[in-house]
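See structure below.
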Amino acid sequence: MRLTILGGGGFRLPLVYGALLGDHAEGRITHVTLHDLDPGRPAAIARVLADQAAGVPDAPKVTVTTNLDEALRGADFVFSAIRVGGLEGRSADERIALAEGVLGQETVGAGGIAYGLRTVPVAVDIARRVARLAPDAWVINFTNPAGLVTEAMARHLGDRVIGICDSPVGLGRRVARILGADPDTAWIDYVGLNHLGWLRGLRVEGRDELPRLLADAELLGSFEEGRLFGPDWLRALGAIPNEYLHYYYFNREAVRAYREAQQTRGAFLRDQQARFYEEMKRPDAPALATWDRTRAEREATYMAHNREAAGAGERDEDDLESGGYEKVALALMRAIAHNQRTTLILNVRNRTTLSVLDAEAVIEVPCFVDANGAHPVSVAPLPLHATGLVTSVKAVERFVLEASESGSRTTAVKAFALHPLIDSVTVARRLLDDYTSAHPALAYLK
């Protein structure tokens with residue numbers, strides 16, 4: 001089988017290839033095509049992959065191209081991990097928002113809206129090309145904002161595009177570990193939108209173990225989300241929120257921490273990765289070791305500003321393990337290609353899962369996966385406070401989609417102004433003016 005990776009010069013790509021190297025099943029991925037607009041970046045990553053493949057006789061063959069149509073033809077799976085505007089664009093998103101006193105994180109608030117407005121048109125073009133050149137391919141979307149981009153692509157690919165994120169998987173694994181349960185067999189009751197969801201239960205042999213965790217302050221304070229949100233707030237909610245909800249529940253503290261920091265997260269990653277790719281220009285640079293060292297620093301500093309705002313301290317070694325989006329991607333491809341039925345938390349069209357949203361809305365929930373794709377599992381309704389957040393943010397996503405299609409500045413202003421973390425129409429207008437000035441990709445908004 002052939003896998004095409006869009007954004008093939010992306011820093012995290014070796015995680016995906018490493019997962020493929022461990023797959024020796026019949027019908028595995030045998031050819032990986034890296035597509036990127038910048039030929040230097042995938043060339044650097046290809047060196048890392050070559051180091052990973054050393055001594056592996058059946059390692060998937062890797063090719064690199066800058067021609068999108070060539071990359072798509074013959075693909076069985078297309079993995080989308082593009083970043084429109086690069087890390088320089090993300091850094092600008094954060095800086096512009098913070099100057100107005102609002103959050104500029106890449107998927108949440110003003111930054112997420114700006115990122116979505118310049119990404120959706122590109123994602124839609126990709127979806128149309130896949131439909132034309134590789135109609136039988138399955139698209140696995142990791143491009144942020146993942147839920148929004150998946151919904152945009154689903155309008156052209158239907159259920160053949162599925163969004164993945166390692167955040168809810170990582171949360172589920174941490175909670176299972178704290179409770180002494182096997183995360184691979186426990187049932188994780190999780191529901192929401194991408195980067196806006198709640199773990200409401202963790203069932204082992206039919207018994208919900210989450211109440212035991214919520215009743216134990218010491219256990220609650222022993223893992224990432226417990227330290228981030230605090231035991232008292234988790235008990236009040238009766239659930240464990242996705243880490244990104246810290247931006248909503250503790251918005252003032254998060255914005256203050258970001259404004260006081262020497263660098264935003266995007267600026268840190270921009271500078272860090274620039275050093276990595278520059279170092280990789282040296283023919284004698286140890287590719288895999290250089291990448292691994294850079295990755296370790298990246299993981300250790302993840303959500304550092306939020307932990308600072310919460311007084312949560314440094315990340316524990318146990319919390320450095322992500323949900324493993326590469327493992328989710330591999331499990332998803334296996335299930336579809338070989339009908340190896342499994343359950344994964346994914347971004348898919350709602351159908352009738354959440355009654356407060358229409359059938360086409362992309363949500364993030366547990367899904368049964370088989371050769372016919374991902375099928376969302378029926379879940380209990382959200383409580384009113386969570387419903388309010390989910391419907392508000394979904395409305396904002398819909399305005400982003402509408403503005404991307406129509407080019408309407410008025411609609412784009414509505415997307416900013418109606419987001420729960422932006423408290424002024426005047427600020428929303430200034431944000432759009434500043435973002436369109438900073439990003440040539442937003443020139444289509446008139």
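A quick note: this is a predicted structure, and the numbers were derived from the prediction, not measured.
Within the 4.5 Å cutoff, side-chain heavy atoms of Leu214 are placed close to those of Ile240. Inter-residue side-chain proximity for Leu20 and Leu3 is flagged as met; some heavy-atom pair is nearer than 4.5 Å.
Taking 4.0 Å as the cut-off between side-chain N and carboxylate O, Asp93 and Arg90 do not count as a salt-bridged pair.
Between His246 and Phe250, the angle of the ring planes stays under 30°, which puts this pair in the parallel group of the 30/60° scheme. Under the 30°/60° scheme for interplanar angles, the aromatic rings of Phe368 and Trp187 are found to be tilted.
No more than 12 heavy-atom neighbours from other residues, nucleotides or ligands sit within 6.0 angstrom of CZ on Arg429. Counting non-hydrogen atoms of other residues, nucleotides and ligands closer than 6.0 Å to CZ of Arg341 gives a total of 12 or fewer.
A search for salt bridge (charged side-chain N to carboxylate O under 4.0 Å, His left out) contacts involving Arg41 returns nothing, not counting sequence neighbours. Looking at residues two or more places apart in sequence or on another chain, you find a side chain to side chain contact (heavy atoms under 4.5 Å, CB included) between Ala154 and Val161, Arg349. With sequence neighbours left out, the ring pair (Phe, Tyr, Trp, His ring centres under 6.0 Å) criterion links Phe142 to Tyr325. Judged as a ring pair (Phe, Tyr, Trp, His ring centres under 6.0 Å), and not counting sequence neighbours, the contacts of Tyr435 are Phe416. Partners of Asp189 by salt bridge (charged side-chain N to carboxylate O under 4.0 Å, His left out), not counting sequence neighbours, listed by chain and number: Arg200.
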**Request:** Give the intermediate values and the outcome of side-chain hydrogen bond (donor to acceptor under 3.5 Å, both in side chains) for residues Thr107 and Gln105.
**Result:** CA-CA 6 Å; Thr107 61; Gln105 203 274 338; 2.9 Å; yes
Would you mind writing out the side-chain donor-acceptor pairs for residues 376-389 within the sub-3.5 Å range, not counting sequence neighbours?
unit_1 : atom_1 : unit_2 : atom_2 : d
Thr387 : OG1    : Leu382 : O      : 3.3
Thr387 : OG1    : Pro383 : O      : 3.1

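Taking the six-membered ring for Trp and the full ring otherwise, Tyr190 and Trp198 have centroids separated by 6.0 Å or more.
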